[in-house]
Amino acid sequence: MKLLSLLTIGALFSLPLQADELMTEVPAKPTAVKSSESSTTPPDRQAALPALEKKADAVYLQPAPLTAIPEGDFGDKVRLGYQLFVNTQQLRDKYVGNELNCVNCHMNSGRQANASPLWAAYFAYPAYRKKNDKVNSFQERIQGCFTYSMNGKAPAANSPELVAISAYSYWLGMSGLMDQYKVAGPVPELSDVELVKGGKRDDFPMPAAIAKHLDIAALSQLPGRGYPKTSQPELAYSPERGQVVYQTHCQVCHGEDGQGQVIAGVTALPPLWGAQSYNWGAGMHRVNTAADFIYENMPLGKSVQLTVQQAWDVAAYLNSFDRPQDPRFNGDVSKTQATYHKHQGYYGQSVAGKPVLGTASYPVFPLKNNIK
């Protein structure tokens with residue numbers, strides 16, 4: 001019965017879009033948001049998310065079904081990680097500040113190849129990230145998702161939530177590897193300390209039958225990781241053309257106003273811009289990243305239905321609206337843009353004569369009942 005309820009939650013939230021102080025009021029005007037980085041931290045250059053060529057003959061990892069999650073303490077962590085991933089809204093006002101769930105950008109409960117699957121991400125960390133100019137553990141990568149994609153607050157290191165999401169990610173990856181290389185038995189259990197590190201390290205405990213086929217470098221480059229790289233559009237991407245694409249292909253799910261759909265008080269189809277969406281620090285606000293995701297994964301359940309040009313145009317359209325402020329905002333939009341936004345995005349720019357994006361952005365991590 002417990003598993004059935006989990007599957008029901010997963011089906012509800014496996015829907016389209018692509019993680020420090022509580023604000024008790026929504027400010028009338030944008031205010032400076034305290035940076036979580038110290039003054040000595042090197043500048044964040046907002047490096048692009050990895051986008052890779054999709055190969056027709058690729059063999060993708062197939063994680064075990066949820067029914068194979070073991071009983072006991074380790075299995076409980078895996079199940080909790082699954083629950084948090086598909087219904088991240090249960091962390092609203094604690095670590096989440098918008099109406100998104102992790103599964104909105106990582107399709108099929110984080111299992112789907114070419115939709116930034118968790119099983120590939122786990123084996124790609126620890127890794128250097130230009131975004132914060134340091135080597136990040138897996139849990140640090142997830143903390144960034146809460147800060148930016150969820151417009152919230154990063155859970156503390158080694159918190160139960162981060163351990164659980166790490167356990168779920170590890171279990172997906174290891175169960176898939178064990179099946180692919182015919183390794184019998186249950187997925188080896190790891191301690192909480194080991195789980196949150198990620199799998200790209202020399203001391204990672206890998207079964208010998210798998211290790212002889214895959215070294216650390218190969219594990220970090222599993223087919224289906226990230227979003228496939230979409231070719232450049234023939235024409236420069238255009239929010240104006242993107243509006244037509246949106247109205248034709250996206251509006252039925254995400255609404256004319258881009259705010260998704262709410263069923264019985266629950267956001268079942270996620271907002272794409274505005275106060276309830278990802279903030280200006282999230283990777284999805286980049287036009288190229290959104291185009292990669294949209295081309296491969298949207299419309300939901302169909303995949304590769306739009307032309308390359310349409311994917312780029314509609315990515316430009318949905319990112320031409322304001323959204324929550326970049327958490328690294330230093331009080332000056334132009335300076336924030338110069339430091340963090342030298343890429344394919346619209347932060348600090350005026351689109352179609354509208355106010356400069358970022359000058360009237362929504363607050364970072366507001367309490368749910370205070371959003372207007």
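Here the structure is a predicted model, which is why all the values come from computation and not from measurement. Start at 1 with the first residue, then count along the sequence.
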*Asks:* Please confirm whether the backbone N or O of L235 pairs with a side-chain atom of Q309, one donor and one acceptor, at under 3.5 Å?
*Replies:* yes
*Asks:* Side-chain heavy atoms nearer than 4.5 Å, only ILVMFWY residues, links allowed to pass through others: does that put L118 and L91 together?
*Replies:* yes
*Asks:* Donor-acceptor pairs under 3.5 angstrom involving side-chain atoms of residues 172-182: please list them, not counting sequence neighbours.
*Replies:*
| unit_1 | atom_1 | unit_2 | atom_2 | d |
| --- | --- | --- | --- | --- |
| S175 | OG | A64 | N | 3.0 |
| S175 | OG | W171 | O | 2.8 |
| S175 | OG | L172 | O | 3.1 |

*Asks:* Find out whether S137 and Y125 are in side-chain contact, i.e. whether some heavy atom of one side chain is under 4.5 Å from a heavy atom of the other.
*Replies:* no
*Asks:* Taking the side chain as C-beta and beyond, is there a heavy-atom pair between Y170 and F74 under 4.5 Å?
*Replies:* yes
*Asks:* Any donor-acceptor pair under 3.5 Å linking the side chain of N101 with the backbone of V103?
*Replies:* no
*Asks:* Is there a side-chain contact between E99 and K368 in this structure, where contact means two heavy atoms from C-beta onward sitting under 4.5 Å apart?
*Replies:* yes
*Asks:* Report the C-alpha distance between N288 and W312 in whole Å, list the side-chain angles of each, state the deciding distance to 0.1 Å, and finish with yes or no for side-chain hydrogen bond (donor to acceptor under 3.5 Å, both in side chains).
*Replies:* CA-CA 7 Å; N288 58 309; W312 280 85; over 6 Å; no
*Asks:* Judged by atom type as modelled, is there a donor-acceptor pair below 3.5 Å linking the side chain of S159 to the main-chain atoms of P155?
*Replies:* no
*Asks:* Taking a hydrophobic cluster as the set of Ile, Leu, Val, Met, Phe, Trp and Tyr residues connected by side-chain heavy atoms closer than 4.5 Å, whether directly or through intermediates, do L300 and W273 fall within one such cluster?
*Replies:* yes
*Asks:* Rounded to the nearest 0.5 Å, how far apart are OG of S166 and CG of L190?
*Replies:* 10.5 Å
*Asks:* Counting distance only, does the side-chain N/O of D332 pair as donor-acceptor with the main-chain N or O of K335 below 3.5 Å?
*Replies:* yes
*Asks:* Quick check for you: to the nearest 0.5 Å, what is the distance between Q310 atom CD and T307 atom OG1?
*Replies:* 3.5 Å
*Asks:* I need the minimum non-hydrogen distance between N297 and A115, along with the two atoms involved.
*Replies:* OD1-CB, 3.5 Å
*Asks:* My understanding is that only one of Y237, W280, Y278 makes a side chain to side chain donor-acceptor pair (under 3.5 Å) with N319; could you say which?
*Replies:* Y278
*Asks:* Taking atom types as modelled and ignoring hydrogens, do the side chains of S361 and D322 form a donor-acceptor contact shorter than 3.5 angstrom?
*Replies:* yes
*Asks:* Look at the side-chain heavy atoms of Ile, Leu, Val, Met, Phe, Trp and Tyr, link any pair under 4.5 Å apart, and say whether Y60 and L222 land in one connected group.
*Replies:* no
*Asks:* Has Q261 got a side-chain atom pairing as donor or acceptor with V252's backbone, closer than 3.5 angstrom?
*Replies:* yes
*Asks:* Are the aromatic ring centres of F138 and W119 under 6.0 angstrom apart?
*Replies:* no
*Asks:* Do S350 and L357 have side chains that get closer than 4.5 Å, going by heavy atoms?
*Replies:* no
*Asks:* Would you check if F204 and F123 make a side-chain contact, meaning some heavy-atom pair closer than 4.5 Å?
*Replies:* yes
*Asks:* Between R323 and Y362, is NZ or CZ placed under 6.0 angstrom from the six-membered ring centre and within 45° of the ring axis?
*Replies:* no
*Asks:* Could you tell me the separation between the OG atom of S116 and the CG atom of D292, rounded to the nearest 0.5 Å?
*Replies:* 11.0 Å
*Asks:* For the side chain of Q349 and the backbone of G345, is there at least one donor-acceptor N/O pair under 3.5 Å apart?
*Replies:* yes
*Asks:* Starting from the C-alpha separation in whole Å, work towards a yes-or-no answer on side chain to side chain contact (heavy atoms under 4.5 Å, CB included) for V78 and Y168.
*Replies:* CA-CA 4 Å; V78 175; Y168 176 55; 4.0 Å; yes
*Asks:* Show your reasoning for whether side chain to side chain contact (heavy atoms under 4.5 Å, CB included) applies to R79 and E71.
*Replies:* CA-CA 10 Å; R79 275 183 286 272; E71 295 298 323; 4.1 Å; yes
*Asks:* Looking at every heavy atom in both P366 and P363, which two are closest together, and how far apart are they?
*Replies:* CD-O, 3.6 Å
*Asks:* Where is the tightest heavy-atom contact between G274 and P324, given as atom of each residue plus distance?
*Replies:* O-CD, 3.1 Å
*Asks:* Using a 3.5 Å distance criterion without hydrogens, assess whether the side chain of T359 forms a donor-acceptor pair with backbone atoms of P355.
*Replies:* no
*Asks:* Could you go step by step and tell me if Q83 and Q90 meet the side chain to side chain contact (heavy atoms under 4.5 Å, CB included) rule?
*Replies:* CA-CA 9 Å; Q83 292 175 347; Q90 62 189 290; 4.1 Å; yes
*Asks:* Hey, does C102 have a side-chain heavy atom less than 4.5 Å from the side chain of V86?
*Replies:* no
*Asks:* With a 4.0 Å cut-off, would you call D192 and K77 a salt bridge?
*Replies:* yes
*Asks:* Would you please say whether a donor-acceptor pair under 3.5 Å links the side chains of N98 and S277?
*Replies:* no
*Asks:* Ignoring hydrogens and angles, tell me if any N or O in the side chain of Q139 forms a donor-acceptor pair with the backbone of N158 under 3.5 Å.
*Replies:* yes
*Asks:* For the residue pair Y340 / R328, report whether a side-chain donor-acceptor contact shorter than 3.5 Å exists.
*Replies:* no
*Asks:* Kindly determine whether N151 and N279 satisfy side-chain hydrogen bond (donor to acceptor under 3.5 Å, both in side chains), including the steps that lead there.
*Replies:* CA-CA 6 Å; N151 191 38; N279 66 40; 3.1 Å; yes
*Asks:* To check you understand the geometry: which heavy-atom pair defines the closest contact between V96 and F365, and what is its length?
*Replies:* O-CE1, 3.5 Å
*Asks:* What pairs of donor and acceptor atoms, side-chain ones from residues 196-203 against any protein atom, are under 3.5 angstrom apart with sequence neighbours left out?
*Replies:*
| unit_1 | atom_1 | unit_2 | atom_2 | d |
| --- | --- | --- | --- | --- |
| K197 | NZ | E194 | OE2 | 3.1 |
| R201 | NE | G198 | O | 2.7 |
| R201 | NH1 | E194 | OE1 | 2.8 |
| R201 | NH1 | D203 | OD1 | 3.0 |
| R201 | NH2 | E194 | O | 3.1 |
| R201 | NH2 | E194 | OE1 | 2.9 |

*Asks:* Is there a side-chain contact between D326 and Q337 in this structure, where contact means two heavy atoms from C-beta onward sitting under 4.5 Å apart?
*Replies:* no
*Asks:* What are the two closest heavy atoms between Y346 and P239, and how far apart are they?
*Replies:* OH-CG, 3.4 Å
*Asks:* Measure the spacing between CD of E140 and CG of N136 and express it to the nearest 0.5 Å.
*Replies:* 5.0 Å
*Asks:* Is V187 reachable from L80 through a run of hydrophobic residues whose side-chain heavy atoms are each under 4.5 Å from the next?
*Replies:* yes
*Asks:* Under 3.5 Å, is there a donor-acceptor pair between the side chain of Q259 and the main chain of D257?
*Replies:* yes
*Asks:* For the OH atom of Y95 and the CG atom of L162, what is their distance to the nearest 0.5 Å?
*Replies:* 7.5 Å
*Asks:* Please confirm whether H343 and H285 have ring centers closer than 6.0 angstrom.
*Replies:* yes
*Asks:* Scan residues 101-125 for pairs that pass salt bridge (Lys or Arg N to Asp or Glu O under 4.0 Å), counting only residues two or more places apart or in two chains.
*Replies:* none
*Asks:* Measuring only between side-chain heavy atoms, which start at C-beta, is P270 closer than 4.5 Å to H254?
*Replies:* yes
*Asks:* Tell me whether I216 shares a hydrophobic cluster with Y122, the cluster being built from Ile, Leu, Val, Met, Phe, Trp, Tyr side chains joined at under 4.5 Å.
*Replies:* no
*Asks:* For the atom pair CD (Q221) and CG (D215), what is the distance rounded to the nearest 0.5 Å?
*Replies:* 10.0 Å
*Asks:* For S238, is there any backbone N or O sitting under 3.5 Å from a side-chain donor or acceptor partner on D313?
*Replies:* yes
*Asks:* Could you check Q247 against Y317 for side chain to side chain contact (heavy atoms under 4.5 Å, CB included), going step by step and ending with a plain yes or no?
*Replies:* CA-CA 11 Å; Q247 292 170 341; Y317 175 68; 5.7 Å; no
*Asks:* Give me the atom names and distance for the closest heavy-atom approach of Y246 to L272.
*Replies:* CE1-CD1, 3.8 Å
